[in-house]
Each structure stands twice: as C-alpha cells, then as structure tokens.
Amino acid sequence: WWDGQAYQRILLDAPCSATGVIRRHPDIKCLRREGDLGALVQAQITLLRAVWPLLDRGGMLVYATCSVLLDENAGVVDAFLREQADARPADPVCPWGIRLDPGRQIPTGMAGMDGFYYAVLRKV
C-alpha cells in the first residue's frame, strides 16, 4: 500500500472518547467506561508513533480529536514531543479556539461548534 516515499502531510484523526460531541450524541455519556480513557490514550500514542516514520523531514502532521479532555489532546501530543527528538510543535495561525501548549482547543458550544482539538507537528 505504500511505495516507500515519505509524506509531506499526514492527518491523524485519532480515535477518542468523543466528549466534544456529547451535545449531539448524549448516549456517549452512557457508553463510556472508566477504563476507556487509558486505552484510548495508549492507542493515540501508538498511532502517532506508527505514522511518524512515514512523514518526510520538513513535513507536517495534524493530530486531531473530537475530545475536550486534556489527557487525549495536549497530554498525548506533549508526551509524544518529549519522546520524539525530531518533532516540534508548529503554531497554527487561526482566529478560533483557545491556544494550548501544544495545539488549539474548541470548547463545546463555542461559535455553535462541537468540541474539537488539533495540534500541528513538524518533522525536523
């Protein structure tokens, strides 16, 4: 499926708790269990580690979730940045959401939107 050519851009829409879309899908509150978050965070870090080698030097990866939980968002990206020597956060220039370190968060309901997080990582 892959010809060995590194990608310049990768979008990782990570599986998450979906806490950012609870207002449209209230059943999420009933479907999630206490142990789900740890497993999701582990899966998110595993996916970041898996796709990072596919990114070309100078390329950018966007990590995105529809979660509003720091553990799944800035927590995952921060942990990845601490272990990955060739990864740097890139500051996305945009007028919406709240700036986090790293990434940006849209709280549920801001401008009528669902909750959403994204961070841009550059490979150096």
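Just so it is clear, the values below take in all heavy atoms, side chains as well, and ignore hydrogens, waters and symmetry mates. Owing to the predicted nature of the structure, the values given are computational and were not obtained by experimental measurement.
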>> Determine whether a donor-acceptor pair (N or O, by modelled atom type, separation under 3.5 Å) exists between the side chain of Arg122 and the backbone of Gly58.
In response: yes

> Is it true that Arg99 and Asp91 make a salt bridge, defined as a side-chain N closer than 4.0 Å to a carboxylate O?
Replying inline: yes

>> Which residue in the set Glu83, Gln44, Gln84 passes side chain to side chain donor-acceptor pair (under 3.5 Å) when paired with Arg49?
In response: Glu83

> Angle class for the Tyr63/Tyr117 ring planes (parallel below 30°, perpendicular above 60°, tilted otherwise)?
Replying inline: perpendicular

>> Any non-hydrogen side-chain atom of Leu37 less than 4.5 Å from a side-chain atom of Leu69?
In response: yes

> Are any of the side-chain heavy atoms of Lys123 and Asp56 separated by less than 4.5 Å?
Replying inline: no

>> Hydrophobic clustering (ILVMFWY, side-chain heavy atoms < 4.5 Å, transitive) - are Met113 and Ile28 grouped together?
In response: no

>> Do Arg57 and Val124 have side chains that approach each other closer than 4.5 Å (heavy atoms only, starting at C-beta)?
In response: no

> Below 4.5 Å, heavy atoms only, C-beta onward: do Arg32 and Thr19 meet side chain to side chain?
Replying inline: no

> Just by distance, do the side chain of Gln105 and the backbone of Gly97 share a donor-acceptor pair under 3.5 Å?
Replying inline: no

> Is the side chain of Arg104 donor-acceptor paired with the backbone N or O of Asp101 at a distance under 3.5 Å, no angle test?
Replying inline: no

> Is the distance between the ring centroids of Tyr7 and Trp52 under 6.0 Å?
Replying inline: no

>> Let me check something: do Leu11 and Val120 share a hydrophobic cluster, defined by ILVMFWY side-chain heavy atoms less than 4.5 Å apart, either directly or through other members?
In response: yes

> Is any NZ, NE, NH1 or NH2 atom of the basic residue among Asp114 and Arg23 found under 4.0 Å from an Asp or Glu carboxylate oxygen of the other?
Replying inline: yes

> Got Ile10 and Val62 here, is their nearest side-chain heavy-atom distance under 4.5 Å?
Replying inline: no

> Quick one: are Leu81 and Pro102 in side-chain contact, heavy atoms under 4.5 Å?
Replying inline: yes

>> Going by the rule salt bridge (Lys or Arg N to Asp or Glu O under 4.0 Å), which residues pair with Arg88 if we only count those two or more places apart in sequence or in a different chain?
In response: none

> Heavy atoms, side chains only, cut-off 4.5 Å: are Leu100 and Leu70 in contact?
Replying inline: yes

>> Less than 4.5 Å apart, side chain to side chain, heavy atoms only: is that true for Val77 and Pro89?
In response: no

